[in-house]
Amino acid sequence: MSKKSNKQRPRPGQAAKQSGGNRTFYMVLAGIAVLGAGALLFAGGDSEAQSPATPFSVAELTADADANAGVAIGPEDAAVTILEFSDFQCPHCRNFNGLTGRLLRQNYTGPGGTVRWIAYDFPLNTFPNSLPAALAGRCAEAQGQFWRMHDLLFARQDEWGRDQTPKDKFLRYADETGLDRGEFDDCLVERRHLKQIVASRKYGDQLGVTGTPALFLNGQRMGAGSYQAIEGLIQEALAASSAPEPAAAE
């Protein structure tokens, strides 16, 4: 699991205090606001791509923790809800999503599924391309293709993760997923969904997330273990949800 420093964990029921790693992350965001996110996130290419399409201020980074900032798949009335906080450039997240996460979503969130899976961005300051990749995922989601881009970003992590200018690769992935390239490009340059990413990250902070991938099943923290281990927990939760209510004492 990829980790960031955190000197103390929050007490149950309280928002997580901002650790040194958290402060570094938000200072990076503030730097983006001051210097121009286009230059920092998507350096290289023509001058238009290097500068934001609209003015950007630190105030725009203000976002409260928001449980609705994730991207969901699966029925809204599912008996089991899994929250996943991940970073597209985190190797452990890639390994988890390359097999276990992908198969769980495939087997449990489709038509007639019993699990609702909600993906939250939790970009770590450890990885330089985390924010650009998170933006790419959100811009794909705006065109209804988050999960296809999600899988591509993890599958090609070695390709774009080492690139100082990953935008060209993200545009190629947009072509592969059938997105409107121009709309996707504009979305990246304008950082239209940065606020959602911040709200998602802050929600993870609030829940005490300190590394990725971090998973919660029906509100309970669980490890990003094997397919069999997580499936067992899902089955236990499903059995518990269908168990008859105990008779009231007379």
Side-chain angles (χ1 to χ4, degrees), residues 1-22 25 65-67 69-75 78-110 113-127 130 133-134 137 146-147 150-151 153-155 157-158 161 197 200-243:
M1 174 180 286
S2 296
K3 296 181 180 179
K4 58 190 179 68
S5 60
N6 196 6
K7 294 185 179 179
Q8 71 177 55
R9 295 180 63 83
R11 294 191 297 275
Q14 287 190 327
K17 290 186 178 180
Q18 201 174 64
S19 69
N22 290 348
F25 173 75
D66 187 357
V71 182
I73 187 172
V80 174
T81 297
I82 292 178
L83 313 183
E84 180 194 2
F85 293 85
S86 64
D87 179 323
F88 282 116
Q89 202 175 352
C90 159
H92 302 292
C93 299
R94 174 194 60 199
N95 295 341
F96 175 76
N97 278 282
L99 180 63
T100 301
R102 178 172 52 82
L103 287 178
L104 287 168
R105 288 189 295 273
Q106 176 181 308
N107 294 336
Y108 284 94
T109 67
T114 52
V115 172
R116 185 164 178 81
W117 192 290
I118 308 178
Y120 292 90
D121 292 302
F122 197 83
L124 303 170
N125 59 284
T126 315
F127 304 113
S130 292
F146 172 81
W147 294 101
H150 170 280
D151 292 346
L153 288 171
F154 279 124
Q157 187 186 92
D158 287 340
I197 295 168
S200 177
R201 163 68 192 248
K202 285 189 175 182
Y203 183 54
D205 290 339
Q206 188 178 78
L207 294 180
V209 173
T210 58
T212 57
L215 290 94
F216 296 79
L217 189 153
N218 286 355
Q220 298 298 311
R221 183 73 175 265
M222 67 174 181
S226 67
Y227 179 93
Q228 292 77 12
I230 297 177
E231 184 176 51
L233 293 174
I234 290 173
Q235 294 298 335
E236 288 178 13
L238 290 173
S241 70
S242 60

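When reading the values below, keep in mind they use all heavy atoms of this one structure, side chains included, and skip hydrogens, waters and symmetry mates.
Taking the ring-ring contact (aromatic ring centres under 6.0 Å, His included) definition, one finds that Y108 meets it with nothing, sequence neighbours left out. N97 is linked by a side chain to side chain donor-acceptor pair (under 3.5 Å) to E84, R105, counting only residues two or more places apart in sequence or in another chain. In this view, L217 and V80, I82, M222, L233, I234, A237 satisfy the side chain to side chain contact (heavy atoms under 4.5 Å, CB included) rule, not counting sequence neighbours. Remark: S200 engages no residue in a side chain to side chain donor-acceptor pair (under 3.5 Å) (not counting sequence neighbours). Residues passing the salt bridge (Lys or Arg N to Asp or Glu O under 4.0 Å) test with D121, sequence neighbours excluded: R138. Every residue meeting the ring-ring contact (aromatic ring centres under 6.0 Å, His included) condition with Y120, not counting sequence neighbours, appears here in chain and number order: F85, Y203. The side chain to side chain donor-acceptor pair (under 3.5 Å) search around N107 returns Y227, not counting sequence neighbours. Not counting sequence neighbours, A155 has no partner by the side chain to side chain contact (heavy atoms under 4.5 Å, CB included) test. Residues satisfying the side chain to side chain contact (heavy atoms under 4.5 Å, CB included) criterion with N95, sequence neighbours excluded, are absent altogether. Every side chain to side chain contact (heavy atoms under 4.5 Å, CB included) that A72 has, sequence neighbours left out, goes to R116, I118.
With rounding to the nearest 0.5 Å, the separation of CG in D66 from CD in Q206 is 9.5 Å. To the nearest 0.5 Å, atom OG of residue S86 and atom CG of residue L153 are 10.5 Å apart.
Side-chain contact between D87 and T126 is absent, with no heavy atoms from C-beta onward closer than 4.5 Å. When side chains are defined from C-beta on, F216 counts as touching V209, because their heavy atoms get closer than 4.5 Å.
Ring centroids of F96 and H92 are separated by 6.0 Å or more, keeping the two rings apart.
Checking side-chain atoms of E231 against main-chain N and O of L104 turns up no donor-acceptor pair under 3.5 Å.
Note on ring orientation: taking the six-membered ring where Trp is involved, the planes of H150 and F146 are tilted (angle from 30° to 60°).
Residue pairs satisfying the salt bridge (Lys or Arg N to Asp or Glu O under 4.0 Å) criterion with at least one member in residues 89-104, sequence neighbours excluded, are listed as follows: R94-D158.
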